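Written out below as structure tokens is the structure these notes cover.
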Amino acid sequence: MPDSNFAERSEEQVSGAKVIAQALKTQDVEYVFGIVGIPVTEIAIAAQQLGIKYIGMRNEQAVDICAEELGNNVKPAVTLLGDINAVTKQLLEELDKTPWQYPPESKWWKTLREKMKSNEAASKELASKKSLPMNYYTVFYHVQEQLPRDCFVVSEGANTMDIGRTVIQNYLPRHRLDAGTFGTMGVGLGFAIAAAMVAKDRSPGQRVICVEGDSAFGFSGMEVETICRYNLPIILLVVNNNGIYQGFDTDTWKEMLKFQDAASVVPPMCLLPNSHYEQVMTAFGGKGYFVQTPEELQKSLRQSLADTAKPSLINIMIEPQATRKTQDFHWLTRSNM
């Protein structure tokens with residue numbers, strides 16, 4: 001015998017997308033970032049109906065926690081495996097029980113202070129160079145001069161990220177975002193978009209400065225459309241050396257192509273010289289700047305910071321063979337075999 005309550009129960013059924021959206025809402029989730037597609041589209045619509053903001057991205061990234069990676073670079077004295085929130089909470093609880101501070105007069109502190117002074121002197125010397133094209137340190141020195149103290153700093157790239165960490169300062173917690181120890185490429189613009197959404201809602205006027213190498217920008221550069229679509233307070237700085245680590249200038253590029261086609265003679269780390277990445281921003285309605293001198297950099301950054309109505313991209317040309325100061329550590333480039 002048919003169940004008379006079947007039709008009534010059918011009308012009460014809730015879609016899986018709505019269940020997910022409701023679960024997110026009960027966890028106080030305010031923003032969802034994702035690639036539109038099945039079943040994401042349905043979840044996004046359901047989330048928006050409940051007041052959750054959905055930001056449609058163009059590039060997908062993955063995050064992984066892997067125990068096998070502990071000690072991949074150098075053998076650690078202690079390893080901590082677990083969710084970073086849980087582990088940090090446990091560490092802080094233990095420190096509260098037994099307050100401890102490393103003795104400031106120790107040999108380790110003395111050595112560290114001496115190293116900090118020598119690094120600072122080396123960076124200042126490189127930043128003071130007046131030759132053109134500019135080097136990394138000159139660029140970051142002029143950028144640092146104008147950055148608002150409360151801005152979010154996102155950095156991505158090889159030399160760009162590593163040098164930027166040492167020269168561009170941040171003063172507030174949770175205001176610096178980068179690829180971390182493994183140098184994952186393609187995360188920079190996603191980080192910037194997430195930070196800008198929070199800044200736009202909670203701290204109007206706060207800026208996000210996203211510093212990208214030209215190669216790093218290429219991984220998710222079309223997220224510029226996302227930035228313009230949501231009109232986010234982001235200033236993109238593309239530090240352009242025409243390559244991955246290093247590239248060639250226009251004249252050298254043309255000389256190489258006289259011998260054979262690019263696929264046969266151009267080193268794989270080289271990118272097209274003087275690419276106008278700023279035009280990607282202007283194509284979607286933002287402001288774009290192509291700069292080659294410290295004066296042009298200062299002016300364009302000043303204008304970008306003053307213009308809170310539109311996002312900006314400053315394409316900064318530097319010496320294609322520019323490098324960083326000698327490193328003491330091999331990071332992940334050293335084999336453990």
Side-chain angles (χ1 to χ4, degrees), residues 26-31 63-124 140-141 143-145 147-156 161-184 187-188 190-192 194-199 201-203 205-211 324-334 336:
T26 60
Q27 295 297 315
D28 296 324
V29 171
E30 298 180 43
Y31 308 91
V63 177
D64 189 23
I65 299 174
C66 186
E68 289 79 2
E69 295 296 341
L70 292 170
N72 184 49
N73 187 21
V74 294
K75 186 177 180 180
V78 178
T79 58
L80 300 174
L81 176 63
D83 178 79
I84 189 168
N85 288 325
V87 171
T88 304
K89 183 174 181 291
Q90 291 165 353
L91 288 172
L92 290 173
E93 287 172 351
E94 291 302 315
L95 286 171
D96 284 339
K97 294 176 185 176
T98 55
W100 180 82
Q101 186 179 45
Y102 199 82
E105 70 280 359
S106 65
K107 181 180 178 181
W108 180 83
W109 264 117
K110 181 182 178 182
T111 303
L112 183 60
R113 291 190 187 100
E114 290 173 351
K115 187 62 178 175
M116 289 167 63
K117 287 182 180 178
S118 65
N119 282 343
E120 185 178 4
S123 295
K124 282 184 176 180
F140 292 142
Y141 171 78
V143 169
Q144 174 61 32
E145 278 190 321
L147 287 192
R149 192 177 180 85
D150 68 341
C151 72
F152 288 98
V153 176
V154 179
S155 58
E156 181 182 19
M161 183 177 72
D162 295 343
I163 298 171
R165 282 172 172 166
T166 65
V167 181
I168 296 179
Q169 304 298 307
N170 64 294
Y171 304 96
L172 300 174
R174 299 181 180 181
H175 279 60
R176 180 184 290 274
L177 302 166
D178 64 31
T181 56
F182 286 97
T184 309
V187 299
F191 284 173
M197 284 299 301
V198 173
D201 284 351
R202 300 184 185 179
S203 305
Q206 190 174 22
R207 311 305 296 275
V208 177
I209 312 299
C210 183
V211 187
R324 53 186 170 186
K325 60 184 179 61
T326 304
Q327 302 295 293
D328 292 333
F329 302 99
H330 296 283
W331 190 60
L332 294 179
T333 59
R334 178 179 58 195
N336 290 316

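For clarity, every value in this text was computed on a predicted model and none was experimentally measured. FYI, side chains are in, hydrogens and waters are out, and symmetry mates aren't considered; it's all heavy atoms of this structure.
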Taking every heavy atom of Gly188 against every heavy atom of Cys210, the minimum-distance pair comes out as O-SG, 3.8 Å

Partner set under salt bridge (Lys or Arg N to Asp or Glu O under 4.0 Å) for Glu114, not counting sequence neighbours
none

Could you tell me whether a side-chain N or O of Gln169 sits under 3.5 Å from a main-chain N or O of Val167, the two making a donor and an acceptor?
yes

Residues in salt bridge (Lys or Arg N to Asp or Glu O under 4.0 Å) contact with Arg202, at least two apart in sequence or another chain:
Glu30

Which heavy atom in Tyr171 sits nearest to a heavy atom in Gln144, and how many Å separate them?
OH-NE2, 3.2 Å

Which residues pass the ring pair (Phe, Tyr, Trp, His ring centres under 6.0 Å) test with Phe152, sequence neighbours left out?
His175

Qualifying residues under salt bridge (Lys or Arg N to Asp or Glu O under 4.0 Å), relative to Lys117, sequence neighbours excluded
none

What is the minimum heavy-atom distance between Cys151 and Ile209, and which atoms define it?
SG-CG1, 3.9 Å

side-chain contact (heavy atoms from CB on, under 4.5 Å) between Val208 and Val154: does it pass, once the steps are laid out?
CA-CA 7 Å; Val208 177; Val154 179; 4.2 Å; yes

Sequence neighbours excluded and cut-off under 3.5 Å, please list the side-chain donor-acceptor pairs for residues 102-112, or say none.
residue	atom	partner	partner atom	Å
Ser106	OG	Pro103	O	2.9
Ser106	OG	Trp109	N	3.4
Thr111	OG1	Lys107	O	3.0

Can any side-chain N or O of Thr98 pair as donor or acceptor with the backbone N or O of Leu95 at less than 3.5 Å?
no

Measure the shortest side-chain to side-chain distance between Leu172 and Asp150 over non-hydrogen atoms and say whether it is less than 4.5 angstrom.
yes

Show, in sequence, the C-alpha distance, side-chain angles and deciding distance for Leu147 and Ile168, and conclude whether the side-chain contact (heavy atoms from CB on, under 4.5 Å) test is met.
CA-CA 9 Å; Leu147 287 192; Ile168 296 179; 3.6 Å; yes

Out of curiosity, Leu177 CG to Asn170 CG, how far, rounded to the nearest 0.5 Å?
9.5 Å

Do side-chain atoms of Glu156 reach the backbone of Val187 as a donor and acceptor pair under 3.5 angstrom?
yes

Just by modelled atom types, is the Asn85 backbone N or O under 3.5 Å from a matching donor or acceptor in the Thr88 side chain?
no

Spacing of Met161 atom CE and Ser155 atom OG [to the nearest 0.5 Å]:
6.0 Å

Verdict with supporting geometry, Gln90 and Glu94, side-chain contact (heavy atoms from CB on, under 4.5 Å)
CA-CA 6 Å; Gln90 291 165 353; Glu94 291 302 315; 5.7 Å; no

Answer yes or no: is there an ion pair linking Glu93 with Lys89, defined by an N-O contact shorter than 4.0 Å?
yes

Test salt bridge (Lys or Arg N to Asp or Glu O under 4.0 Å) applied to Asp201 - qualifying residues, sequence neighbours left out
Lys53

